[in-house]
Amino acid sequence: MLFCIQELCMSLLLVRKLFIIFFSCLGWGSQSSKVHIHHSTWLHFPGHNLRWILTFILLFVLVCEIAEGIVSDGVSDSRHLHLYMPAGMAFLAAITSVVYYHNIETSNFPKLLIALLFYWTLAFITKTIKFVKFCDNGVGFSQLRFCLTGLLVVLYGMLLAVEINVIRVRRYVFFKTPKEVKPPEDLQDLGVRFLQPFVNLLSKGTYWWMNTFIKTAHKKPIDLKTIGKLPIAMRAVTNYIRLNEAFEAQKVCKAWNYVYLSIWRALCCAFGRPLLLSSTFRILADLLGFAGPLCISGIVHNNRTSNIKILGVFFISSQEFLSNAYVLAVLLFFALLLQRTFLQASYYVAIETGINLRGAIQTKIYNKIMQLSTSNMSMGEMTAGQICNLVAIDTNQLMWFFFLCPNLWAMPVQIIVGVLLLYYLLGISALIGAAVIIVLAPVQYFVATKLSQAQRSTLEYSNERLKKTNEMLRGIKLLKLYAWEHIFHSSVEETRQKEMTSLKSFALYTSISIFVHFILYDKTLMMMISADFSPSVAFASISLFHILVSPLFLLSSVVRSTVKALVSVQKLSEFLSSEEIGEEHDKSSELRSCLMSKQEVSSKTSFLFLVSFHLALSNIDIRIPQGQLTMIVGQVGCGKSSLLLAILGEMQKISGNIFWSRKCASLAVSVWILRYLFCFRRYKAVIDACSLQPDIDILPHGDQTQIGERGINLSGGQRQRISVARALYQQTNVVFLDDPFSALDIHLSDHLMQEGILKMLREDKRTIVLVTHKLQYLPHADWIIAMKDGNIQREGTLKDIQKSETELFEHWKTLMNRQDQELEKTIIERKTVLERTNLRRTMYSREALLKDDEEDEEEVTESDDEDNLSSVLHQRAKMPWRACGKYLSAAGILLLPLLVLSQLLKHTVMVAIDYWLACWTSAAISEKAEPELKNFFSILCCLGIVLCLVTSIAVEWTGLKVTKKLHSSLLNKIILAPMRFFETTPLGSILNRFSADCNTIDQHIPATLECLSRSTLLCVSALAVISYVTPMFLIALVPLAIMCYFIQKYFRVASRDLQQLDDSTQLPLLSHFSETVEGLTTIRAFRYEAKFRQKLLEYTDSNNIASLFLTAANRWLEVRMASTLPLCIHSEFICFNSNKLPSGLVGLGLTYALMVSNYLNWMVRNLADMEIQLGAVKRINGLLKTEAENYEGLLSSSQIPQNWPDRGEIQIQNLSVRYDSNLKPVLKHVNAHISPGQKIGICGRTGSGKSSFSLAFFRMVDTFEGRIIIDGIDIAKLPLQTLRSRLSIILQDPILFSGTIRFNLDPEKKCTDSMLWEALEIAQLKHVVKALPGGLDAIVTEGGENFSQGQRQLFCLARAFVRKTSIFIMDEATASIDMATENILQKVVMTAFADRTVVTIAHRVHTILNADLVIVMKRGVILEYDKPEVLLEQEDSVFASFVQADK
């Protein structure tokens, strides 16, 4: 007794001293840190984690000691405080010690560790003395207090050793010069706000550091600035280095199968350790999960009587201690807390590993792209879409596989332990349940395999549908002009039907999976309770079977994820094994980086381009002189662009060598625009040379305007000139320009040639290689290379060619329409004084937009900002009920009631089953059980199985019906939308509705809706049952409900913001991949690889930090929801013991209480997910409000002649058109008359209204005044489909669709082969198509990338020729065609279409010199309208000035 009193006094004294020291050092902490670090996050003492683990174990042992003292004291009539008060004081001292230690460590005051050293020494000594006294008095292992005291001796000794180790290693307290330690670099950077790796174990386990973040998110929207930067260890570059080192260590052989295996080995080597830690946490959590059923069995069994037996005066055994219901309740409390903590720790470590892995793989893919051979992509072997799918889908599949990977080891352990415990409780009856599990396991595996197959086929059809939708949207202008909307609409719908078939299969097997799960539970339950069991055994067995069914149900997800990961690694291995640019590019890059004395490029090589080993270039032996202008000319498809790619090392070399030096800049023929800011500094001269200043002036934010993806908010000419400006601005010695004049009119071309190429480049003695069709610039060339059919036809100066190749020179001279050098000089001088053109793009009305923005900015005040923030915060706190109503209403009036009714009935039956089981087991104890109870129970089980199937089918069928309806409505609306909609809405935004949003509605919302309804009803039914069994529980439910309400309120706001941030940061990442693939040649030519890799790392880290915060927020929620479970069980246990209840009802209540936390957690999670996913419905509904074009006409089909228009007469009367009702007119009071068969030429400067004039014939613009009459019929009265199908037009931008040549020429399948060959012959393509394998059935890759720019333009010409309409419109259709081919085409058009009306919008004015009439336009009005010869005779004619400038 005296010893215990002394121990009590000592503990009280130590607690008081520790508190005094603790509070006194709090004031010093802020002054101790010499480095600016995050508050309370620098953990630098050795053995930090071990100390926290030992402290947690110490606290648990002390709690057991307190409980043992209370239980021992309970058998005596008098109170003995010394049995548990010392342990209670020691508990407080242990808590104080860890808080004290934490503040010392974070405040960096190590000298105060002397207090802890003193405390652990005294505690160890006193407990050792007590343990020795127990041994001397014969107390042994059979007594619990002896075991607890021994454990305390060990724990105090280990804590003392940890303290000594800290002082020894860091030389604190007793040493004069302590070891200096610097804080981690991350903690010195205030931009790093993700603190999970740096906080102590308690904060890591409870995510306490997230509290401030969650509260801040409720007050202010989360953005990238809020979440800050990633810690260094989690950044993409760190994980890429780790993965690459592991991969290089594994890479011995380049065989495909070895690459496949080496990827898996590298992943395991680089990320296997944290995965092993996650698996350990998961196994521990699963083992602790079995504590619930066992404790429930003990509590129910010992609810009536206490079986405590006293062997000595104050000592009890472990068995007697664990037979106490109160002790079991406390142990259950701690077991459940630990189980949830370990489970969330496992989830977090697995997801963090997956996110790190995703970033590393994305970086590795990007580095591979930088080395990728462009011939693979140009020939369709690998498309930008496939690479983006690899980044967006396959890396995520691997990430989620790593998340589910711990289940592969945890599930067998869980099943084995569960079966053993069931056998312990039930004996031979447990084998029945195990047999059912074994029998149904192959069924579940079969269902999982079918689900995987359905998922894969759905993904394939989805990719095909998106590819078609993408092509449809990119070519929407052509489809509308040709009235082909229905063709592509049907094609997309056909693929959608296949996708829906796969989705139906997926829904069916999902329903079967849920059905099998319920059968497993019900049938096992029915077979198990065929004998009479007590409530404790029955409900413990039910809880165990709940645990056993979970891994079986999870098997399908694990199998699906594993199969997807295997497929993804297979695709990744194929990609990583794909052809690279080879040593030639590396060699040329090294040469380019050196400043060699020889400043020229020479080559004698042969190059491959086609997979079928077709030589694109052969016997190339050229020399490009230093500091001079070299021009490469030739007909379409002769290999000019291929030669540039070959010099840059972008093609497969068969033989020969390339020698060249210095830096280079390149402009690809396919203009490549990034979504970056104009950031030129010394760029005034370049801007002037490229005539960009007028364009910059009318952009909303000048030269800081954000450029959209693919330059969507720029015209073709603007994109071309910005690309040229980029090349001109570079400080390089070699400049490659691939047809820079193709999208420019003659004035802009001449200005660029004079001010840019000749003045800025040649005068600086730069080496210039220019590919062009503008033969009038040949006199400026120092060296000319003429190509033909992949060979060098001739090279030399213009004089050399004039002497040696007289015929070729005369041919050029004819095409150039030149008289002599004096005329050239006069033209150049005259051109410099021409009036500057107004380059404003009326279609986009940037001037109006800029003006509106300025007015809006003036009106915005600080109070408006506050009101706006308040409104945003209010909207963030609201659920999108309207979108939810739209979704459910789309299901129809039949499915919706069925869905609601089946859910209610199913959960009512499930509650009835459990309640009947409680009554049955209670009756079995009192031997009053009746056979009718068993029969009724069997009926309820069968009814539950049927309702489960009906419910799952109803949910899936509802989802299918809604998704089918929404996609069909969206496709119909979009394809019938006016052209103005596509010009003002980014293509990526529309495509996202068909891809991401449709995918969300297809696959995510039905599953989330089912989980939300199930978890909500389960939670409500569980609380209802508990409240029915013990009404007193309603009192405890109120604070629990309030706590859960505030938790979900704060979580939903933060979760939604983080989810949106995760999605929004993924889009720039995918766009960066797409833009890199498209501009790969340009990036490598400029040697910008390092800059683009750095940008990739920034995008990847931004996406990963959002994902990590979202993961931490989810864990924050689950830990707090899990804390409600022990509180709920503890409250219910107190209520049970205050009322005398049947054992069956006690078991029923505790079983439901054990599950209510899971239900609450999933309810809040699914509510947050549903809130985010309903945003997809909201966005699609927004597009469904788009007004469609008026396709109906005043005339019926019977009133329109079958062969209209048969003559081609056009009357334009007082025509005024605009692109939108709120924009200015682009054509004003235009009057013209075009006789049948006339050839009309329209010319004018950029923005004069030429293209608007042609679009007016197709009613693509708003005609608000006047009319157009064709062959006596006002086109405003015609149905749009009829009007557009009877006219033909060729656009400036060539558009080809993936498929065959036959499909591209005649998608309506109306023409014979002879008609198609005739059109190809007219377009000068017959010999090209005949040389292809398959002829008319030869494959055209996406965008026509396997043909040159000029060939694509010729195919578009052939497509128009096939239609053979009476009116034929050419809108700058020969801009990308060489002059020789263009000359031939003009003659063919004049002869083949002699009886047709041809309207030509001229890019090169000389092409309309033979026209019957010429219309000159300026700012939407007709300036001149007469025969060309009449206009040329007039000295002040604008047309004459155009002709002279074009020579």
Side-chain angles (χ1 to χ4, degrees), residues 380 382-394 396-397 451-476 478-479 484-507 564 567 571 890 956 959-977 982 985-1006 1067 1070 1074 1173 1176-1177 1179-1180 1183-1184 1186 1295-1300 1303-1304 1307 1339-1343:
M382 190 173 300
T383 64
Q386 289 174 331
I387 293 175
C388 286
N389 281 341
L390 197 65
V391 174
I393 297 175
D394 294 300
N396 278 302
Q397 301 290 7
L451 276 170
S452 176
Q453 293 173 359
Q455 179 75 17
R456 192 182 303 177
S457 63
T458 301
L459 184 61
E460 291 174 358
Y461 289 131
S462 177
N463 289 339
E464 184 182 350
R465 173 179 61 82
L466 290 177
K467 182 181 177 182
K468 290 182 177 180
T469 306
N470 183 35
E471 286 193 324
M472 180 189 76
L473 293 174
R474 291 192 184 280
I476 190 67
L478 178 73
L479 299 186
W484 286 348
E485 302 102 312
H486 63 285
I487 298 174
F488 282 77
H489 178 276
S490 301
S491 177
V492 173
E493 280 289 1
E494 181 183 353
T495 309
R496 178 64 175 173
Q497 287 301 322
K498 297 177 181 177
E499 185 183 4
M500 288 299 298
T501 303
S502 296
L503 283 172
K504 288 177 182 177
S505 300
F506 186 84
K564 289 177 184 177
V567 174
K571 291 165 67 176
E956 298 294 339
L960 288 173
K961 185 173 181 180
V962 171
T963 189
K964 182 179 180 180
K965 183 177 179 179
L966 287 179
H967 181 274
S968 179
S969 302
L970 178 64
L971 183 60
N972 289 332
K973 276 289 183 183
I974 292 299
I975 206 165
L976 299 179
F982 299 98
T985 307
L987 175 63
S989 176
I990 303 173
L991 196 60
N992 274 338
R993 303 295 83 78
F994 285 97
S995 57
D997 289 344
C998 280
N999 181 61
T1000 299
I1001 296 172
D1002 287 352
Q1003 300 192 28
H1004 297 289
I1005 290 184
L1067 290 176
L1070 298 179
S1074 175
Q1173 291 164 9
V1177 179
R1179 288 187 291 270
I1180 287 179
L1183 284 186
L1184 291 179
T1186 305
I1295 297 173
L1296 294 182
F1297 303 100
S1298 58
T1300 63
F1303 173 78
N1304 274 278
I1339 296 299
V1340 178
T1341 59
E1342 186 177 359

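No donor-acceptor pair under 3.5 Å is formed between the side chain of Arg465 and the backbone N or O of Lys498. Ser968 places no side-chain N or O within 3.5 Å of a backbone atom of Lys964 that could act as its donor or acceptor partner. Formation of a donor-acceptor pair under 3.5 Å by the Lys571 side chain with backbone atoms of Leu390 is not found in this model. Put simply, the side chain of Ser491 never gets that close to the backbone of Ile487: no donor and acceptor are under 3.5 Å apart. Of the possible donor and acceptor atoms, none in the side chain of Ser969 sits under 3.5 Å from a partner among the backbone N and O of Leu966.
Of all the heavy atoms in Pro1006 and Gly959, the pair that sits closest is CG-CA, 3.8 Å. In terms of heavy-atom proximity, Ala977 sits nearest to Phe982 at O-CE1, 3.6 Å.
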Self-check item: Residues Gln1003, Leu503; criterion side chain to side chain contact (heavy atoms under 4.5 Å, CB included); working and verdict
Solution: CA-CA 8 Å; Gln1003 300 192 28; Leu503 283 172; 4.1 Å; yes

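Counting heavy atoms from C-beta outward, Val1177 and Ile1005 have side chains that approach closer than 4.5 Å. Here the side chains of Thr1300 and Ile1339 are in contact, with some heavy-atom distance below 4.5 Å.
Ion pairing between Arg496 and Glu499 holds under the 4.0 Å rule for side-chain N and carboxylate O. Comment: Glu464 engages Lys468 in a salt bridge, judged by a side-chain N to carboxylate O separation of less than 4.0 angstrom.
Looking at residues two or more places apart in sequence or on another chain, you find a side-chain contact (heavy atoms from CB on, under 4.5 Å) between Ile975 and Met472, Ile476, Glu485, His489. In terms of the ring-ring contact (aromatic ring centres under 6.0 Å, His included) criterion, Tyr461 has no residue partners (sequence neighbours excluded). In this view, Ser462 satisfies the side-chain hydrogen bond (donor to acceptor under 3.5 Å, both in side chains) rule with no residue, not counting sequence neighbours.
Atom CD in Glu471 sits 11.5 Å away from atom CG in Leu478 (nearest 0.5 Å). The structure places CG of Asn1304 at 11.0 Å from CD1 of Ile1295, a figure rounded to the nearest 0.5 Å. Remark: Leu479 CG to Leu473 CG distance equals 9.0 Å, nearest 0.5 Å. Rounded to the nearest 0.5 Å, atoms CD1 (Ile1180) and CD1 (Ile974) are 9.5 Å apart. For the atom pair CG of Leu466 and CZ of Phe994, the computed distance is 9.5 Å after rounding to the nearest 0.5 Å. Separation of atoms CG (Leu960) and CZ (Phe506) is listed at 10.5 Å; rounding is to 0.5 Å.
The aromatic rings of Phe1303 and Phe1297 stand perpendicular to each other, their planes meeting at an angle above 60°, with 30° marking the opposite boundary.
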